[in-house]
Amino acid sequence: MRRLVVALIIAILAFTLAGCGGGGDEAAAPAETPAAAPAPAPINPATAGDVTGISDNEPDIFAPFPTGSAIATDVAESVADKQPVLIYFYDSGQYTAAQNRQIIDAVLVDNRGLVDLFAYDVGKYTSIDTSGVITVDPEFASDPDAQVAVQMARELGVSFTPYIVLTDTQGYIIWKHRGLADSAFLEREVQRATR
């Protein structure tokens, strides 16, 4: 233990002397400025592969929740009543959809009654191409539930499943997340939405 303490004291003294310039009277030589490294190229989401677990930094975060015919009536009523809303778009054929639902349910049980949950299985109605465009399967073209789910997904910028949209008590979108959600992070966002 003494050796460890002595080693730490010596290391601290060495860093202190190096930071003070060693006590010499000579003027320090100007440091050469390294050339700036080029900025990394942006990642194209269509070619980035599966990026589950990464929260989107989208420009419409903290935007008012959209209104109009593209939004389901029950969702619009909850937002208008200043009730926080969690909208979950998923494809029931994906394994991560079931995992995400378990995480969402566990967080909402801990915050019982504070957030309204609306879940839409857009995977059974639609297909999402590699550029993120949602198209309705012709088999469901006349299904009103499919039309509402798809229109709302388009309005909210859903281009990937599973996808979560969370609003706060003021009717603003405060968080969007695609892929598998982290339980602790979702809990923190739900707490923030209910304040």
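Given the structure is predicted, the values throughout are model-derived calculations rather than measurements.
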>> Using side chain to side chain contact (heavy atoms under 4.5 Å, CB included), reason through F89 and I164 one step at a time and then give a plain yes or no.
In response: CA-CA 6 Å; F89 297 96; I164 298 170; over 6 Å; no
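Scored by the side chain to side chain donor-acceptor pair (under 3.5 Å) test, E187 finds N111, Q191 as partners (sequence neighbours excluded). Residues that satisfy the salt bridge (charged side-chain N to carboxylate O under 4.0 Å, His left out) test with D105, not counting sequence neighbours, are R101. Applying the side chain to side chain donor-acceptor pair (under 3.5 Å) rule to S78 yields the partners D116; only residues at least two apart in sequence or on another chain are considered. F65 meets the ring pair (Phe, Tyr, Trp, His ring centres under 6.0 Å) test with no other residue; sequence neighbours excluded. Take S183 and apply the side chain to side chain donor-acceptor pair (under 3.5 Å) test, not counting sequence neighbours, and it matches no residue.
With Q83 contributing its side chain and L114 its backbone, the two residues share a donor-acceptor pair below 3.5 Å. Distance alone, capped at 3.5 Å, is enough to place a donor-acceptor pair between the N100 side chain and the A181 backbone. In this structure, R154 contributes its side chain and S159 its backbone to no donor-acceptor pair below 3.5 Å. Remark: side-chain polar atoms of Y88 are not paired, donor with acceptor, to backbone N or O of I104 under 3.5 angstrom.
No cation-pi contact links R178 to Y163, judged by a cut-off of 6.0 Å to the six-membered ring centre and 45° from its axis.
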Under 3.5 Å, which donor-acceptor pairs link side chains of residues 165-173 to any protein atom two or more places apart or in another chain?
{"residue": "T167", "atom": "OG1", "partner": "V85", "partner atom": "N", "Å": "3.0"}
{"residue": "D168", "atom": "OD1", "partner": "Q170", "partner atom": "N", "Å": "3.0"}
{"residue": "D168", "atom": "OD1", "partner": "G171", "partner atom": "N", "Å": "3.1"}
{"residue": "D168", "atom": "OD1", "partner": "Y172", "partner atom": "N", "Å": "2.9"}
{"residue": "T169", "atom": "OG1", "partner": "R195", "partner atom": "O", "Å": "3.4"}

